[in-house]
Amino acid sequence: ETGVTQTPRHLVMGMTNKKSLKCEQHLGHNAMYWYKQSAKKPLELMFVYSLEERVENNSVPSRFSPECPNSSHLFLHLHTLQPEDSALYLCASSQDLIPNQPQHFGDGTRLSIL
Amino acid sequence: QKEVEQNSGPLSVPEGAIASLNCTYSDRGSQSFFWYRQYSGKSPELIMSIYSNGDKEDGRFTAQLNKASQYVSLLIRDSQPSDSATYLCAVLTTGNQFYFGTGTSLTVIP
């Protein structure tokens, strides 16, 4: 139990569907992150939120839309995705955005685009 | 050039041996370095962090940092089958960007 819970664990969707990934952290952390992990590639940081404000968007296509309603919850809204978007999407949190803070990861959502 | 590079492996060592995992990075001004362990189908788990040149030991794990040569390594002593996993190197660069390597797959053979 890492203190970071992601749902669903697996998601299969067509390219025209709209779905959302959910992340909840029970650690009292102030910073939350979305990562994409594809086979044979490094973890890619997608979005960073600190105290519910987006502080980083690493050139992520607009078909991915994050939402952070409070410091414990983070969503990733998906629409009109492409097959290359199939990957493991990981949520993480850290106490603050101070650089040396370790990040705690959820178990991820395995996303498959048909 | 990739920000963080690791040999993808797989690396196989017999039980009880020392496993040596290496990582190089491109931003010479980087100050913070992390090793994560990721079991198949699970999330990455932080196991070591190192910020200064030299060695840092924690149980069977030793992280080694050499900023002049821009490499960081992880040694696992008395390797156990339960150590079999993918080990990810992560570096915090001068621009406060967090980069991961592709990971090295380690198999410890009983």
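Here the structure is a predicted model, which is why all the values come from computation and not from measurement. In what follows, chains carry the letters A, B, and so on, assigned in the order in which the sequence lines appear, proteins first and then strands, with residues in each chain numbered from 1.
- In this structure, chain A has no heavy atom under 4.5 Å from any part of B:Tyr99.
- For A:Glu84, the CD atom sits in a packed shell: over 12 heavy atoms of surrounding residues, nucleotides or ligands are nearer than 6.0 Å.
- Rounding to the nearest 0.5 angstrom, the gap separating the OG atom in A:Ser93 from the CD atom in A:Glu24 is 11.0 Å.
- Between the side chain of B:Ser79 and the backbone N or O of B:Ala17, at least one donor-acceptor pair lies under 3.5 Å.
- Heavy atoms closer than 4.5 Å to chain B are found nowhere in A:Glu44, neither backbone nor side chain.
- Checked against the 6.0 Å centroid criterion, the rings of B:Phe33 and B:Tyr25 qualify as a close aromatic pair.
- Only the side chain of A:Arg9 comes within contact range of chain B, with at least one heavy atom under 4.5 Å from a heavy atom of that chain.
- A:Leu90 touches chain B through its side chain: at least one heavy atom from C-beta onward sits under 4.5 Å away, while N, CA, C and O do not.
- Between B:Leu11 atom CG and B:Ser84 atom OG the span is 10.0 Å, to the nearest 0.5 Å.
- Interface with chain A: from residues 55-64 of chain B, no residue qualifies, criterion being any non-hydrogen pair under 4.5 Å.
- Counting heavy-atom pairs under 4.5 Å between each of A:Lys41, A:His104, A:Arg110, A:Gln103 and chain B puts A:Gln103 at the top.
- With a threshold of 4.5 angstrom between heavy atoms, B:Glu45 does not approach chain A through any atom at all.
- Rounded to the nearest 0.5 Å, atoms CE (B:Met48) and SG (B:Cys89) are 12.5 Å apart.
- Ring geometry, A:Phe105 versus A:Tyr35: the interplanar angle falls from 30° to 60°, so the pair is classed tilted.
- Counting heavy-atom pairs closer than 4.5 Å to chain A, the top-ranked of the candidates B:Leu88, B:Leu46, B:Val4, B:Thr102 is B:Thr102.
- The distance from the NE2 atom of A:His29 to the OG atom of A:Ser50 is 12.5 Å, given to the nearest 0.5 Å.
- Most heavy-atom pairs under 4.5 Å with chain A: of the set B:Gly103, B:Ser43, B:Ser8, this distinction falls to B:Ser43.
- With values rounded to the nearest 0.5 angstrom, A:Met13 atom CE is found 5.0 Å from A:Leu78 atom CG.
- Relative ring orientation between A:Phe75 and A:His73 is described as parallel, the plane-to-plane angle staying below 30° on a 0-90° scale split at 30° and 60°.
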